[in-house]
Amino acid sequence: MSKLIGVLTAGGDTPGLNAALRGIGKAAINKYGMQVIGFLDGFRGLMENRSTRLDLDTLSGILTKGGTILGTSRDKPHRMPVGGKALDMTDVIYENYQKLHLETLICLGGGGTQKNALRLTEKGLNVITLPKTIDNDVALTDTTFGFDTALSIATEAIDRLHSTAHSHHRIIVVEVMGHKVGWLALGAGLCGGADVILIPEIPYDLNKVAEAIMQRSRGGKRFSIVAVAEGALSKEDVKESAANNKSKEDDTIDTALASLLTQGGGHTMRLANRLEELTGLESRLTILGHLQRGGAPSAADRLLATQLGTASVTLVEQKTYNVMVSVRDGRALPVPLKDVAGNRKYVPLDHPWIESARRLGTCLGDD
Ligand code: F6P
């Protein structure tokens, strides 16, 4: 009997998910004679046993499509909202997996999905994961699919904001996704030539940001572009939260961030307003939001998703389970899921992109 693979997409959608599903499905069917079913809406579909057969017809024409043909959700197996309560449904998931005689489950997701997948391996499921997220914050992989597309979208947005900022002599604060890490804001800020880049890894000093803008203004540049990650915090935000919580710095940053994020863009609006007050220059805020996750994947994301998707099926054939298929120096490489789950890939403070920004004279809010 041919092997049956189950696949699901979980967490926020990302360009390249369909390319990866196509890679998994075509490699499984064409190369290894396996069969594939896709669970709908992430782990919820696996728990409710809602799935669809992924045959060659279904997989045709999806390479270039954004989103995920399977649907997704942020539901977690161990805290699944059911009837108004959050219940541990891992046993139900285990039973469904057994009933269907799945050889393995392939989960396409970001940091949260890696943790959820690890929990399922602890129940006895054979799991393989692929790293996808526009945030690029999954540990032990050089990059994640979705990031390159989002980087291009955010870069184009910054390019376009330049001409209007320049014409009106304004500060434009552009909020880029990334609630815990600054890969996207830093990358797009560098590619788009932002004058200030603020990321969660470097708490910023508002006065230093204002001074950098004033200095440009004194030099004849009466406009500035500030690229800010949605999770970037000022030093005051961090301090305030520390005073309120009397907790360790890491917890403090998480708590401050959680409170800022519930304000839904409120803190970046406040940043734009404060910069206007401190510099006397008119300012505006642009929140790029979900635009960054929409639409067709870039060529690089199609390549990466196809490479990782097809490689994951070879791992099924070899019975290599409980791993994430990472990309290292261009090669697909299995890494133990237990080493990935719970470890976030922050921008290292000595990363070459940070060094380039500093050499350019871009203000990062700290000096
Ligand atoms: O994790 C990907 C991401 O796009 C983050 O950058 C962002 O903070 C979050 O998802 C938004 O989540 P949602 O689509 O659930 O609002």
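Since this is a predicted model, take the numbers as computed values, not measurements.
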- request: Kindly determine whether I93 and L125 satisfy side-chain contact (heavy atoms from CB on, under 4.5 Å), including the steps that lead there.
  value: CA-CA 9 Å; I93 285 178; L125 274 64; 4.2 Å; yes

field: Trace of the side-chain contact (heavy atoms from CB on, under 4.5 Å) decision for I213 with V226
entry: CA-CA 9 Å; I213 292 173; V226 179; 4.0 Å; yes

task: List the steps, then state whether side-chain contact (heavy atoms from CB on, under 4.5 Å) holds for V335 with T141.
output: CA-CA 9 Å; V335 289; T141 182; over 6 Å; no

- request: In sequence, state the C-alpha distance, the side-chain angles, and the governing distance for K180 and D135, and then conclude on salt bridge (Lys or Arg N to Asp or Glu O under 4.0 Å).
  value: CA-CA 9 Å; K180 298 270 171 106; D135 292 349; over 6 Å; no

- prompt: Can T113 and N116 be said to form a side chain to side chain donor-acceptor pair (under 3.5 Å), step by step?
  reply: CA-CA 5 Å; T113 302; N116 292 325; 5.3 Å; no

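Residue pairs satisfying the side-chain hydrogen bond (donor to acceptor under 3.5 Å, both in side chains) criterion with at least one member in residues 311-322, sequence neighbours excluded, are listed as follows: Y32-T314, E103-K319, E103-Y321.
Using a cut-off of 4.0 Å between Lys/Arg side-chain N and Asp/Glu carboxylate O, K235 and D366 are scored as not salt-bridged. With salt bridges taken as basic N to acidic carboxylate O contacts below 4.0 Å, one links R218 and E211. Using a 4.0 Å cut-off between charged side-chain N and carboxylate O, E48 and R44 make a salt bridge. Using a 4.0 Å cut-off between a side-chain N of Lys or Arg and a carboxylate O of Asp or Glu, R293 and D13 qualify as a salt bridge. A salt bridge links E277 to R274: at least one charged side-chain nitrogen sits closer than 4.0 Å to a carboxylate oxygen.
Annotation: side chain of S224 is not in contact with side chain of V196 (no heavy-atom distance under 4.5 Å). Taking the side chain as every heavy atom from C-beta outward, F145 and R302 never approach each other to under 4.5 Å. Side-chain contact check for L140 versus N343: every heavy-atom pair is 4.5 Å or farther apart.
Here the shortest heavy-atom pairing between A332 and V325 reads CB-CG1, 4.0 Å. Of all non-hydrogen atoms in G16 and P297, the two that sit nearest each other are N-CB, 3.5 Å. Minimum heavy-atom separation, G189 to A227: CA-CB, 4.1 Å. Residue L59 comes nearest to I29 through the heavy atom pair CD1-CD1, 4.1 Å, listed as atom of the first residue, atom of the second, then distance. Annotation for L100 and L4: closest pair O-CD2, 3.6 Å, computed over non-hydrogen atoms. Shortest non-hydrogen contact noted between F39 and G6 is CE1-CA, 3.9 Å.
Here the straight-line distance linking atom CG of D88 with atom CE of M80 works out to 9.5 Å at 0.5 Å rounding. Taking CE from M89 and CG from N96, the interatomic distance works out to 9.0 Å, rounded to the nearest 0.5 Å. From H169, atom NE2 reaches atom CZ of R222 across 4.0 Å, with rounding to the nearest 0.5 Å.
Between the K132 side chain and the A10 main chain, a donor and an acceptor come within less than 3.5 Å of each other. Although no hydrogens or angles enter the test, the distance criterion places no donor-acceptor pair under 3.5 Å between the side chain of E175 and the main chain of H267. At distances below 3.5 Å, at least one donor-acceptor pair connects side-chain atoms of T72 with backbone N or O atoms of T9. Listed for the D301 side chain is a donor-acceptor partner under 3.5 Å among the backbone atoms of T149. Between the side chain of E276 and the main chain of S283, a donor-acceptor pair closer than 3.5 Å is present. With T310 contributing its side chain and T306 its backbone, the two residues share a donor-acceptor pair below 3.5 Å. Between the side chain of R170 and the backbone N or O of E282 there is no donor-acceptor pair closer than 3.5 Å. Side-chain N or O atoms of Q292 include none that pairs as donor or acceptor with a backbone N or O of I134 at under 3.5 Å. Judged purely by atom type and a 3.5 angstrom limit, T104 uses its side chain to pair as donor or acceptor with the backbone of N126. A donor-acceptor distance shorter than 3.5 angstrom exists from the side chain of S326 to the backbone of L333, with no hydrogens or angles considered.
Donor-acceptor pairing under 3.5 Å is lacking for the side chains of D57 and S60.
No continuous path of hydrophobic side-chain contacts links V7 to M47 [ILVMFWY only; heavy atoms under 4.5 Å]. Residues L315 and V313 share a single hydrophobic cluster, defined by chaining ILVMFWY side chains whose heavy atoms lie under 4.5 Å apart. If you chain together hydrophobic residues whose side chains sit under 4.5 Å apart, I106 and I62 fall into the same group. Both L198 and I171 sit in one connected hydrophobic cluster of ILVMFWY residues. Membership requires side-chain heavy atoms under 4.5 Å apart, directly or through other members. Cluster membership check: L63 does not share its hydrophobic cluster with L130, using side-chain heavy-atom separations under 4.5 Å among Ile, Leu, Val, Met, Phe, Trp and Tyr.
Counting non-hydrogen atoms of other residues, nucleotides and ligands closer than 6.0 Å to NZ of K345 gives a total above 12. Heavy-atom neighbours of R160 CZ from other residues, nucleotides or ligands within 6.0 Å: at or below the threshold of 12.
L337 pairs in a side-chain contact (heavy atoms from CB on, under 4.5 Å) with only one of the listed residues (T121, V323, I128), which is T121.
A perpendicular orientation is assigned to the rings of H351 and W183, their planes being inclined by more than 60° (bins at 30° and 60°).
Scored by the salt bridge (Lys or Arg N to Asp or Glu O under 4.0 Å) test, R119 finds no partners at all (sequence neighbours excluded).
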